[in-house]
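See structure below.
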Amino acid sequence: MKTEKDKGPTVRTLRVGEQVRHILSEILARGDVHDDLLTKHPVSVTEVRMSSDLRHATVFVKSLLGKEEEAVLKALRTNTAWLQKSVAEKMTMKYAAKLKFLSDESFDEASHIEKLLRDPKVARDLAGGEGEVQD
């Protein structure tokens, strides 16, 4: 029997997460945050995962230039209280979600997998494997 933990995110948590993502993206794109580092380095909010009670939001970000990613994360974490307040003002929810900023590593992982698949040894194995299936 599946428990509540085994289920994936609900439509509501996905919808709220996407709304938070749009609001944060808009704030960062307009440069509303009074932080020189965040105005100099464009930041993409790639995903927001909400907790089931909608009180916590894990925000995955990627520095668009790929530079000073740790410094950008530190600046976002420094401005978390202001960002939480700004998001809460634009949403119609009972509670303001607590934001937690993390670096989005999915692009790096995808690049690594793509590089591995381009390796001549892997390509040879894949070509050999396809030939065996076609017999």
For the student: nearest non-hydrogen atoms of [X] and [Y], plus distance:
{"X": "Ala71", "Y": "Leu37", "value": "O-CD2, 3.1 Å"}
{"X": "Thr39", "Y": "Asp36", "value": "OG1-O, 2.8 Å"}
{"X": "His41", "Y": "Ser63", "value": "CB-OG, 4.4 Å"}
{"X": "Ser51", "Y": "Asp53", "value": "OG-OD1, 2.5 Å"}
{"X": "Met91", "Y": "Ile23", "value": "CG-CD1, 3.4 Å"}

Do [X] and [Y] make a side-chain contact, defined as non-hydrogen atoms from C-beta onward lying under 4.5 Å apart?
{"X": "Val45", "Y": "Val20", "value": "no"}
{"X": "Arg49", "Y": "His56", "value": "no"}
{"X": "Leu54", "Y": "Lys94", "value": "no"}
{"X": "Leu76", "Y": "Val61", "value": "yes"}
{"X": "Trp82", "Y": "Ile27", "value": "yes"}

Could you give the distance from [atom1] ([X]) to [atom2] ([Y]), rounded to the nearest 0.5 Å?
{"X": "Leu83", "Y": "Leu38", "atom1": "CG", "atom2": "CG", "value": "8.0 Å"}
{"X": "Met93", "Y": "Arg55", "atom1": "CE", "atom2": "CZ", "value": "9.5 Å"}
{"X": "Thr80", "Y": "Lys100", "atom1": "OG1", "atom2": "NZ", "value": "11.5 Å"}

* Within one Ile-Leu-Val-Met-Phe-Trp-Tyr cluster: Val48 and Leu102, side-chain cutoff 4.5 Å ->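 No, it is not one cluster - the side chains of Val48 and Leu102 are not joined through contacts under 4.5 Å.
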* Asked: Should Leu73 and Phe60 be counted in the same cluster of Ile, Leu, Val, Met, Phe, Trp and Tyr side chains packed under 4.5 Å apart?
  -> no
* Asked: Taking NZ, NE, NH1 and NH2 as the nitrogens, is one of them in Arg21 or Glu18 under 4.0 Å from a carboxylate oxygen of the other?
  -> yes
* **Residues Leu99, Leu24; criterion side-chain contact (heavy atoms from CB on, under 4.5 Å); working and verdict** => CA-CA 10 Å; Leu99 304 177; Leu24 283 171; 4.2 Å; yes
* Asked: Does Lys98 offer a backbone N or O that forms a donor-acceptor pair with the side chain of Gln84 under 3.5 Å?
  ->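 Answer holds: no.
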* Asked: How about Arg12: does its CZ atom have over 12 heavy atoms from other parts shown lying under 6.0 Å from it?
  ->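 At most 12 heavy atoms, drawn from other residues, nucleotides or ligands, come within 6.0 Å of this atom.
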* Asked: Considering residues, nucleotides and ligands other than Glu89, do more than 12 of their heavy atoms fall under 6.0 Å from its CD?
  -> yes
* Is it true that the side chains of His22 and Glu26 contain a donor and an acceptor less than 3.5 Å apart? ->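 Side chains of His22 and Glu26: no pair found under 3.5 Å.
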